[in-house]
Structures are given as C-alpha cells and as structure tokens.
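Here's the structure, in structure tokens; my notes come after.
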Amino acid sequence: MYLKSIELSGFKSFAKKSELNFSSKVSAIVGPNGSGKSNIAEAFRFVLGEQSIKSLRGKKGEDLIFNGAGELPRGNRASVKVVFDNSSKFLPLDFETVTIERVVHRDSVNEYLINGSQVRLRDVIELLASAHIGSSGHHIISQGEADRVLNASIKERKSMIEEALGLKMYQYKKQESERKLVKTRENIEQVGSLRREIMPHIRFLKKQVEKVQKTIEMKEELQKEALEYCCREDEYINRTTNRLNIEKSPLLEKEKSLENELNEAKAVLEGAKNKDIKSEKLISLEKSLHDTREEKDKLFRDFGRLDGEISSLARMVKKQEEVAHSLDHKTVTLSSVEEVSSKIEDQIKQVKNSGNIEELVKSLDVISTFLTDFIDQNKDKIDMSLIADAQKDIENLKESKKQIEDSLEEIKNRENKLSKEYSELKEAIDKEKDTNRDAEKAVFRIMAESQEVRSKLHSLNLEEETLKLLKEDFKRELTELGMLLGTHVLQFQSLSFDFNEARTLQEERRRKIEKIKIRLEDAGGLGGSDVVKEFTEATERDAFLEKEITDLEKSASSLTELIKDLDTRLSVEFKTGLDKINTQFKEYFAVMFGGGEAKLSVTVPVKKKKKDTDLSLDEDDIEVPEMIEEEEGIEIEVNLPKKKVKGLMMLSGGERALTSIALLFAISQVNPPPFIILDETDAALDEANSKKYADMIENLSKYSQLIVITHNRETMSRAGILYGVTMGMGGGSKLLSVAFEEAVSVAK
Ligand code: ATP
C-alpha cells in the first residue's frame, strides 16, 4: 500500500487541521449531504497539482481557503499534505516516506513542497507522472462523473484510455520531439538562408583572392626575371665601360703625341725661310680639315644622342599604347561621368514621386541602359594625350636629326673636297723628292695617322654615347622595379651568371619584364592581405554553418526516428492494452448485467464536409456527402442480455452507471494506479447491483488502494476503515473515525 495519509488544513470546509489515515485496502468516507466529503476528493486533486480551479468547484484560488463559518474566522491559507509509503521506491526518490504538500494563499500564490523542500509545480507533476498518478487523473472519479467515459467523444475516450494505460508519457515525449523537429527544421532553413546570403560575397572574395594570388605569382616571376636582368645589365655596363676606357686611353695618348708632332712640323714649316706657297697651302689645308673633322665629330655625337632619345621615346610610346589598350586602365573624363550621373538623378527624381512599382522597375531598366551605354562608349576609347605628346617630341627630334644629317652631308662634301685638295697637294709635294720637304711629308704622315686615330675614337665615342643612354634606361628601370617590388628585393649584386651570352637574350628579358609589368598594372593594386584574411574568415564561417546544418540534419533525422519509434510503441502498447481492457471489460460487464457483451473498438470516423448532418425525411434533399477521415477514436459497443438494445444512447441511467463502472474497473485493473478515489460512483445502483459493485470493489482492491465516498451500506461494509464527516456546530467539517454501524447512521 502506497497511500498513507492526507492532511487538510484550512482547505475549503476543513477549517482545522484534519488527517485521514489509509491503513486499509479500502477506506470509506461517509457523512450527510454537504458535510464536506467531496472536498476531501478535491483535496487530493489539489495536492497532486490540479491547475483548473473550476474542477475544484471554485472561481479563484481564494475559494479553496476556509471562508469562515459560525464562530470560526476565515483563514489566510489552505494546505493539503499527502504522505506516501515509498519503501518500494515506486516514486523515484531515495526516501522511505514521501510527503507532497501544496499551499495556496489569499493572493492566489501557490507553494509546492516535496519532503518539506520548496519545489516547482513541474517537479511535483513529473514525480507523480513517473508513478502513474496525475492530478486530472483517471483514478479520481468525482461525484457525478462516473459516466464521463460514456459521455466523452470517441477522441476524448481514446485519450482517457491512453492516459490510464500510462501512454501519456510517450505522447508528451512525442509532442516534444515533434516541437523540437519543427524548431530544428526552422533552424536548418535559417542557417541555409544565411549560407545563401553570404555565398555571393564569398564568391566575390574568392575572385579577389585569385587575383591577389596571380599578382603574387606575377611579382615572383617579375622578381626572378628582374634579378637576372639587372645583374646582367649591371655587369654589361661595367664591362663595356672598362673596355671603352682601356681602348680609348692609348688612342687619346696617340692623338696627343700626334698633335705635338704636327705642331712641331708646322713650326718647322712656318719658320722655314724658303717658305713657299705649297707649305702655306698645306698648313691652311691641315687646319681646315682638322676643324671640319672636329665639327663632323660633334655632329655625329649629336646625331647619336638624338637617335638614343628617339628610340627611348618610341619605347615609352609603345608601352603607353599597350597600357591604353588594356581594359582596366580606361580613363574617362569627369564631365562625362557627371553627365551620366545627372541623367540617372533626373530619372530617380521622376519616378520617386510616382510611388508606382511598375514605373520604378521600368526606371531601373532605363538607368541600366544609361550605364551600359556609358561603358560601351568608353570601352574603345584610348587616352591618346600622353602618346600624342611623345609622338610630337619624336617628330621634333626627327626634324633635328634630319637637320644634323643635312649638315653632316654638307660637311662630308666639304671634307671630301678638302681631302681631294690635300691629296693633290701631297702628290705634288711627293713628286719634288726634295729633302727640304721632310717637314711637309711629316705633316702628311701625321695627318693620315691622326685620321685613323680619330676614326677609332669616333666609333668608341659612339659606343660610349649608346652606353650612356643604356645606363640612363637602366637607372629608370631600377627605380620602376624598386617601386613595384621594393628596393630591398633587388639585391642582384651578389648574383653570378654565365655572362657570355648574346645581347639579344637580354633584350628578350627586357621585353618579358615589360609585359609582366603591364599585366601587374592591369591587375591593379589590391589590398592583398586584407582580402585574403576576409576570405579566410568568410570561408571558415561558411564551413561552420555547413557543419551546423549537418549536425541539425543529423538531429532532425534522429528526432524523426525517435518519433517513428514512439509511434510504433504507442500503437503496439495501445493495442495490447486495449485487448487486455476488453477482456476485463467483457468479464465485469457480464458480472454486472448477468450476461451480455461489451467491447471497445478503435474506429476511424468519417465526417461529412457539407453542413447538412441531419438526415432529411425527404429523400430528394439528401446530398452525397464528401467524407474526410479524422483521427481515430474509441467506440463502445454494448449488447445487453435478453434485450435488443445495442447503442449507448438507449441505456437507462442505472445501466449507464453499471456500464461505466465495469469499464472503469476494467481499465483500472489492467494498469492499476496506486490508489483510486471513487466519489459516490455507486449512487445510482439498486440493492442487487450495489452488491455486485461492492464485490468488484473488493476485487479491485487487490490491485489498487481504494477510497470510496459513499452513502451505500453495501459499499461501506467492504471498507476496512470508515471515516465520518459532519458539519460541526461551530461551522466547518469535522472528521471522526467510526465503526460500521455508526457509519451507517452517520451517512444518513
Ligand atoms: P454531498 O453528500 O451532498 O455530496 P458532500 O459531503 O460531498 O455533500 P461537499 O460538497 O464536500 O459536501 O461540501 C460542500 C460544503 O463545503 C458546503 O457546505 C460548502 O459551503 C462548504 N465549503 C466549500 N468551500 C468552502 C470554503 N471555502 N469555506 C467554507 N466552507 C466551504
């Protein structure tokens, strides 16, 4: 036996503390009408956590507190305490005795206590549910509610039976799993849409990162090429400078000594007494030729310089053209941008006040056309201004070069004329074979030699000129590369290569470097590390979300699995439970009615969609109804002995009471609750049936402890303990333990 006692204090009509001990399998509570017996049944509901005030016959919490009667003043609180023997641990708590207490105060505040410790309502409900006891329980049958199971709809009936079979736990679990599943699916959807939202951004970042990666690769390639190029170029310049110096210096010395010799020879000729016309002519011719050749050299140098400048400018033009043709380096004028911007603004202004979505969409199309037109117009436009300037410079330089060429032509003619005169004079002098002409011959020799020296020096000078330009180019290239790669990167001095290669290879290298530089400029200056960092973060976040979806999907499928399992379990256990109940029901029914048959069956109702539910007597009015399947429920079929009555509707009041008692007892026996409270369930029975009822009570008490509130003598006779409830003189219910005979009189 699980139920030990109940104590009421200030609860409803029980002003004073009253305790009922249930040490017997069947306890009966007897007393006259209005003495407070049903208040005891309600005290059970109350302490077990009932939340519906209505089912406690009140309107508000206050109605449960003793309201004063006679001499007794009203109380401020009502409390009910129920004590269970838990030595079998039917309640999952490690105590031999479990006390559950509920207190309600005038301000409707409720307190719940388990073994004296304050707890939440939820804790009480969970504790009791585990032992198959609930507040609204099937095991507390209130007065007049005995045939509730017959009056209920088939769906309610099913729910009652499920509760009695202890299947509610599974249903709560199933409902909770379903709720979780819905929530999980929502989360999956949310995370999915979050992923979809960030996807375009990730794609954009990925492209940027790829560009950055390409830029890095290009830079690496450029650096490799540039290092070799610079190292070789530097080496070439140094070598050439040295060679030129070495080759030049003996020539310069020779030139100087020849000049001295010439001066000496000229001095001889000048000083000679027999100075003749030929000598004078020779001296003047030598001077003219010298001056002419000086002038020619100067012109050649200028020519070389101009040539260098022209080719350097031409290179620049070529580079500018390549840049100008690349799509990423289009320049557009501010005025053209302002023009398209004002067109867009006008369009927006126009549509802004219309408030018409269609207009707005049209307008967006117009704006889009503005922009594509603008791009198309500028796509093939090339900024020629820089190129044009350089080309103009080239033209000017070419003009100067032409002038120099003309002057050179003229000077060459002059030189040729002078050379011719000089040769003729030399021939004439040679013919004379005069020893006095030694000085003159020396002049001829010196001039021939110095002409040779001069021409060698001339070509060396040209080389030097070219080298100078090369050096300038190299300096510029170094600056540019330094800006692109960082000066620290260009540490080529320590490198070494096989320097004996054709100069054309170095040219190829230069062209390759130029190409990479242009590609790099096209790629634009991307804020590399920031983009990479953002991309990494974004992909990490995406991966996290992906994992979250996988986890959520996993938990969704395990929830689905759980729901399926619970469904199977519910349906299997319900079916076996129902079969067992049917066996008992059939037996109890036969006992009660002395024969006949009764059965519970599962039914799936069909409902007419059309409103017309009553059958019309006029057949023409009958419409063929559309059927909708509903949730299944429980139908009760009865077959009384010796009567043709089959439907529940046709039973008499007493027959209804008997049927419902039979069913109630059948259900209770299949899944016995620790205790059952029956509040005047036997009220409608005649003497013969009262006896059968009392027999069944006795039978049922083998499975559950019974507390019966009754006026029925037969029922009382089966109780081990009898409590009498009376309305005291001072007001309020009074409790007394009574003997059977006393009970019979008290009940009256
Ligand atoms: P019956 O045999 O007719 O069913 P009963 O013994 O079951 O009667 P109850 O319905 O339990 O009687 O008790 C009703 C009595 O309790 C009424 O007299 C009612 O005035 C009294 N009562 C109910 N609530 C309070 C309250 N808050 N304060 C004082 N008395 C109350």
Side-chain angles (χ1 to χ4, degrees), residues 200-237 311-332 375 378-384 386-387 390 470-499 501-539:
H201 187 54
I202 289 183
R203 273 202 292 271
F204 169 75
L205 286 174
K206 192 171 173 225
K207 272 192 195 144
Q208 298 291 99
V209 166
E210 278 165 6
K211 275 190 188 167
V212 170
Q213 218 79 45
K214 248 190 205 153
T215 311
I216 290 170
E217 280 164 22
M218 279 193 276
K219 276 191 174 173
E220 280 167 3
E221 195 189 353
L222 180 64
Q223 185 176 349
K224 192 175 147 276
E225 284 301 325
L227 278 175
E228 179 164 0
Y229 173 80
C230 293
C231 179
R232 286 183 182 279
E233 199 67 359
D234 189 49
E235 175 71 18
Y236 176 78
I237 288 168
S311 61
S312 152
L313 270 175
R315 264 209 303 278
M316 194 192 101
V317 167
K318 197 162 164 254
K319 192 172 153 192
Q320 283 297 340
E321 276 178 345
E322 279 174 25
V323 170
H325 280 100
S326 74
L327 278 179
D328 286 342
H329 278 266
K330 290 287 169 237
T331 13
V332 291
I375 292 167
N378 285 289
K379 208 175 231 168
D380 301 323
K381 221 185 227 173
I382 298 162
D383 182 15
M384 297 300 283
L386 274 174
I387 299 170
L470 200 76
K471 265 181 171 169
E472 276 168 18
D473 278 353
F474 184 46
K475 207 174 142 196
R476 210 185 48 246
E477 283 164 353
L478 274 180
T479 321
E480 277 183 22
L481 287 168
M483 276 178 350
L484 267 173
L485 301 170
T487 41
H488 64 283
V489 184
L490 287 175
Q491 300 296 341
F492 56 84
Q493 283 85 353
S494 55
L495 300 175
S496 167
F497 293 96
D498 174 11
F499 291 108
E501 61 161 30
R503 186 67 187 147
T504 46
L505 293 176
Q506 184 72 341
E507 279 303 317
E508 265 171 36
R509 238 166 249 134
R510 186 216 300 277
R511 273 197 295 278
K512 194 168 174 190
I513 287 173
E514 284 308 319
K515 272 187 194 153
I516 303 176
K517 279 199 321 207
I518 288 167
R519 274 196 282 139
L520 259 177
E521 272 170 36
D522 278 355
L526 295 164
S529 64
D530 282 356
V531 175
V532 176
K533 193 172 161 235
E534 202 183 337
F535 177 67
T536 316
E537 278 170 8
T539 41

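The basis for the numbers below is simple: all heavy atoms, side chains too, and nothing from hydrogens, waters or symmetry mates. In this chain, residues are counted from 1 in sequence order.
The two atoms that bring Leu205 and Ala538 nearest to each other are CD1-CB, 4.1 Å, heavy atoms only. The minimum heavy-atom distance between Leu485 and Lys219, with the atom names listed, is CD2-O, 3.7 Å.
Expressed to the nearest 0.5 Å, how far CG of Leu520 lies from CE of Met218 amounts to 5.0 Å. Within the model, atoms CZ of Arg503 and CZ of Arg232 stand 10.5 Å from one another, a figure rounded to the nearest 0.5 Å. Taken from NZ in Lys517 to CD in Glu225, the straight-line distance is 12.5 Å, to the nearest 0.5 Å. For the atom pair Glu220 CD and Ile516 CD1, the distance stands at 11.5 Å (nearest 0.5 Å). Considering NZ of Lys214 and CD1 of Ile216, their distance stands at 13.0 Å, rounded to 0.5 Å.
Counting heavy atoms from C-beta outward, Glu210 and Lys206 have side chains that approach closer than 4.5 Å. Under the 4.5 Å side-chain criterion, counting only non-hydrogen atoms from C-beta, Gln208 is not in contact with Phe535. Residues Val209 and Glu534 are not in side-chain contact: their nearest non-hydrogen atoms beyond the backbone lie 4.5 Å or more apart. The shortest distance between side-chain heavy atoms of Arg509 and Glu233 does not fall below 4.5 Å. Using a 4.5 Å cut-off on side-chain heavy atoms (C-beta onward), Tyr229 and Glu477 make contact. Taking 4.5 Å as the limit, some side-chain heavy atom of Leu481 sits within range of a side-chain heavy atom of Leu222. When side chains are defined from C-beta on, Glu221 counts as touching Arg519, because their heavy atoms get closer than 4.5 Å. A 4.5 Å side-chain heavy-atom check between Leu478 and Phe492 finds at least one atom pair inside the cut-off.
Ionic pairing of Arg476 and Asp473 is present here: one or more N-O contacts between side-chain nitrogen and carboxylate oxygen are shorter than 4.0 angstrom. No salt bridge links Glu514 with Arg511; every basic N to acidic carboxylate O contact stays at or beyond 4.0 Å.
Other residues, nucleotides and ligands contribute only 12 or fewer heavy atoms inside 6.0 Å of the CZ atom of Phe204.
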